[in-house]
Amino acid sequence: MNIDLQGRDFLKEVDFTAAEFTYLLDLASELKHAKRNGSETRRLSGVNLALIFEKTSTRTRCAFEVAAFDQGAHVTFLDPQSSQLGHKESIADTAKVLSRFYDGIEFRGSAHETVEQLAAAADVPVFNGLTDRWHPTQMLADFLTMREHCPDKPLSALSYAYLGDARSNMGNSLLVTGALLGADVRIASPRELWPDAEVQQLAQSLAGASGARITLTDDPEQALPGADFVHTDVWVSLGEPASTWAERVALLRDYRVDTKMLDRTGNEAVRFMHCLPAFHDQNTTVGRDVAQATGLTDGIEVSSAVFDSSANIAFDQAENRLHTIKAVLVAMLPNRI
Ligand code: CP
């Protein structure tokens, strides 16, 4: 199949078909191998990319910047403190101005509607670097990582459980992407933290077409048996107030990924995944404060024993942010060769 994604936006996973999503994974694998064996060619020389971050980031910002540099493109980093965005200039006007300077725009922020407005007003491709609703570039990295660790299985045969706050961008995105690709997706979360009805309906409708198996439960015992991968994410997301911790810990304590939880998969080769950053010890101010307030002294959403074990592939997953975001840029920005 001849797939051409030039000029396309990437705002959410379902902007693409399963074939298009898989094409991006294949391109990411190709670019990863080329970087590793020193044969990468610069396909984006002369291309300029604006990176708008309303929220903090380590992986996403660095992945966009290094991917661009590796491919010969240039970037400008913009945040609310150092630009007019949001204070003195509307999203639509910002999009129109940036379209005159840049070949593409990345946006990370809270409201998903903001990235939709940006894309509607921009004349160049817009990429979602995370909103409260979706984290689509993370999904490319997660599926590339799962494919690399289960090389004998097609994407549709992968099984994974996600434990934690399932209304978050990670819960929504893991549910919907697995549904798009036909995977075996198990989400275990207290009912208060399930994805909203619209996201659930979207997943069910995609699963009807793809053959995906969807389990949405409040019982980890129903989600874990036979899973190839166990995912989690922080229990309080970027932008939520610190006061949320006490309530969230009370809700999610029984969904914490510890060694016993991994054992419940019955799969000796099960791998642990986390989009990072993770609270797995007391070497961060939040990790220390929450540990002292709750007694979770050896990790919050994941125990230190799991995080420090060979089951943890979160750093492979983090590296794959680079290769997959590079695939997005190469596929969607104007190619110079
Ligand atoms: N996983 C992820 O999006 O990391 P950053 O918040 O550091 O970009």
Side-chain angles (χ1 to χ4, degrees), residues 10-13 24-25 28 32 49-69 75-81 104-112 114-115 126-146 148 160 162-177 229-240 242 244 257 271-281 283-287 299-302 307 312-329:
F10 188 24
L11 307 186
K12 56 191 183 302
E13 295 78 5
L24 287 169
L25 298 183
K32 181 174 183 173
L49 182 64
L51 305 177
I52 303 174
F53 281 81
E54 279 186 355
K55 287 181 163 183
T56 56
S57 167
T58 297
R59 277 145 291 272
T60 309
R61 176 181 175 180
C62 295
F64 270 98
E65 292 202 2
V66 175
F69 298 150
V75 303
T76 302
F77 177 79
L78 295 164
D79 65 14
Q81 286 71 46
I105 303 168
E106 179 276 353
F107 174 85
R108 165 174 286 204
S110 300
H112 188 73
T114 307
V115 78
V126 173
F127 312 121
N128 176 3
L130 174 144
T131 61
D132 289 349
R133 197 148 181 83
W134 307 112
H135 199 355
T137 60
Q138 182 73 51
M139 288 306 103
L140 287 170
D142 287 16
F143 276 82
L144 180 62
T145 310
M146 289 194 278
E148 287 173 345
Y160 59 89
Y162 173 83
L163 272 56
D165 178 0
R167 305 158 313 170
S168 65
N169 41 38
M170 282 301 295
N172 288 344
S173 286
L174 281 166
L175 174 60
V176 163
T177 310
F229 302 92
V230 175
H231 292 247
T232 191
D233 190 12
V234 291
W235 289 349
V236 172
S237 296
L238 277 174
E240 290 190 290
T244 314
V257 181
R271 279 85 162 189
F272 169 73
M273 297 183 69
H274 193 307
C275 65
L276 302 179
F279 294 121
H280 60 92
D281 59 21
N283 293 329
T284 60
T285 46
V286 174
I300 301 172
E301 72 275 8
V302 54
F307 198 84
N312 180 14
I313 58 170
F315 295 103
D316 294 346
Q317 192 182 353
E319 181 193 333
N320 282 337
R321 299 301 308 285
L322 168 62
H323 309 298
T324 47
I325 282 173
K326 191 182 288 178
V328 167
L329 300 183

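Quick caveat, the model's predicted, so the values are computed rather than measured. Positions are given from 1, in the same order as the sequence printed here. All ligand and atom numbering here is 1-based and tracks the order in the structure.
- Every atom of ligand 1 is numbered from 1 in the order shown, and the set under 4.0 Å from a heavy atom of C275 is 1 (N).
- Here R61 has no heavy atoms under 4.0 Å from ligand 1, in either its backbone or its side chain.
- A donor-acceptor contact closer than 3.5 angstrom links the side chains of E148 and N320.
- Taking any N or O of L276, backbone or side chain, at least one lies under 3.5 Å from an N or O belonging to ligand 1.
- Centroid-to-centroid, the aromatic rings of F315 and F307 come within less than 6.0 Å.
- The shell of residues lying under 4.0 angstrom from ligand 1, judged by heavy atoms, excludes K55.
- Under the 4.5 Å side-chain criterion, counting only non-hydrogen atoms from C-beta, R321 is in contact with T137.
- Below 3.5 Å of separation, one finds no N or O of P277 facing any N or O of ligand 1.
- In this structure, F64 and F127 have parallel ring planes: the angle between them is below the 30° cut-off, well short of the 60° mark.
- Here the protein heavy atom with the shortest distance to atom 7 (O) of ligand 1 is T58 N, 2.7 Å.
- Below 30°, between 30° and 60°, or above 60°: for W134 and H112 the angle between ring planes is above 60°, a perpendicular geometry.
- For atom 2 (C) of ligand 1, the closest heavy atom belonging to the protein is R321 NH1, 3.3 Å.
- The closest side-chain donor-acceptor pair between E54 and S110, if any, does not fall under 3.5 angstrom.
- For atom 6 (O) of ligand 1, the nearest protein heavy atom (residue, atom name, distance) is R108 NH1, 2.9 Å.
- Nearest to atom 4 (O) of ligand 1 among the protein's heavy atoms is R59 NE, 2.9 Å.
- Figure legend: cation-pi geometry between R61 and F77, with NZ or CZ positioned under 6.0 Å from the six-membered ring centre and within 45° of its axis.
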